[in-house]
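First up is the structure itself, then whatever we jot down about it.
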Amino acid sequence: MNVAKVLDCKGMCCPEPILDIKNAMGTLKSGDVVELQATDAGSVNDMASWSKRTGNKILEQKQDGSVYVFYVQKK
Amino acid sequence: MSEEKPKRIAIIALHGTLDLAYPPLILAGTAIAMDMEAAIFFTFYGLDILKKDLNLRVPPLANPAMPHPVPGIPMGVPNIIGVLPGMTAMATMMMKGWMNKAGVMPAEKLIQACIKGGVRMIACQMTMDVMGVKREDLIDGIEIGGAGTFLDYACDADVTLSF
């Protein structure tokens with residue numbers, strides 16, 4: 001996957017990862033993929049809701065130990 | 001989704017304690033991140049959240065949900081202790097310590113994120129008059145209004161909350 005930007009949100013809690021990915025969207029063009037790394041367990045549900053509301057698609061997500069990784073494509 | 005009129009949230013922030021400052025700010029900031037529109041009407045003690053000299057504190061009294069000072073020791077501080085001088089500062093310091101450890105954004109940063117994101121931050125004019133608060137006591141990036149301003153916005157809101 002061609003990742004245009006990596007967001008390290010490890011150690012942050014709600015709502016910072018969501019605010020950060022929103023800001024990142026503003027710097028990217030349609031079709032670009034962002035990798036977001038978070039340790040906030042709530043981000044799993046929050047990212048799903050964010051994706052549903054904004055239309056930016058989660059292409060893939062995985063858990064690597066305590067880190068949740070999301071690949072998000074800007075709509 | 002994108003072509004429709006954006007969803008809108010209208011929030012009233014009524015309290016000026018550290019714990020009650022967070023929910024309106026978090027929800028409004030997140031709403032913007034979710035492509036919604038958001039406004040917060042800061043009235044009565046809630047106006048403190050917009051002060052330049054931000055000094056939000058945690059009340060140690062009448063709060064049975066306050067966690068014990070020493071984790072693991074199931075003995076709380078008797079409520080009466082909360083009236084002693086310095087206990088508000090102590091409760092505030094404890095809460096800030098827990099929040100910092102959990103990675104919570106400082107309130108100042110969250111307020112600026114809301115403003116930058118486009119949350120309409122409305123300071124209540126009546127409260128300013130009652131409490132003797134001047135425009136220069138409040139931060140930049142906000143507007144001043146009254147019940148009419150808020151209601152005009154809230155009439156078209158999908159979600160309305162008060163804290």
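Sequence lines set the chain letters: A, B, ... in the order given, protein chains first and strands last, and positions in each chain run from 1.
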Distance-only donor-acceptor hits, side chain of residues 44-58 of chain B, under 3.5 Å, sequence neighbours excluded:
| unit_1 | atom_1 | unit_2 | atom_2 | d |
| --- | --- | --- | --- | --- |
| B/Asp48 | OD1 | B/Lys51 | NZ | 3.0 |
| B/Lys52 | NZ | B/Glu136 | O | 2.8 |

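The stretch residues 152-163 of chain B participates, sequence neighbours left out, in no side-chain hydrogen bond (donor to acceptor under 3.5 Å, both in side chains) pair at all.
For a residue to count as touching a neighbouring chain, one of its non-hydrogen atoms must lie under 4.5 Å from one of that chain's; by this rule A/Ser49 touches chain B with backbone and side chain alike. Residue B/Leu110 touches chain A through its side chain alone, counting heavy-atom pairs closer than 4.5 Å.
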Between B/Asp35 and A/Lys22, is the salt bridge (Lys or Arg N to Asp or Glu O under 4.0 Å) condition met? List the steps. CA-CA 9 Å; B/Asp35 293 343; A/Lys22 162 73 177 180; 2.8 Å; yes

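The most heavy-atom pairs under 4.5 Å with chain B, out of A/Ile18, A/Leu19, A/Thr39, come from A/Leu19.
In this structure, a donor-acceptor pair under 3.5 Å is absent between the side chains of A/Lys57 and A/Gln73.
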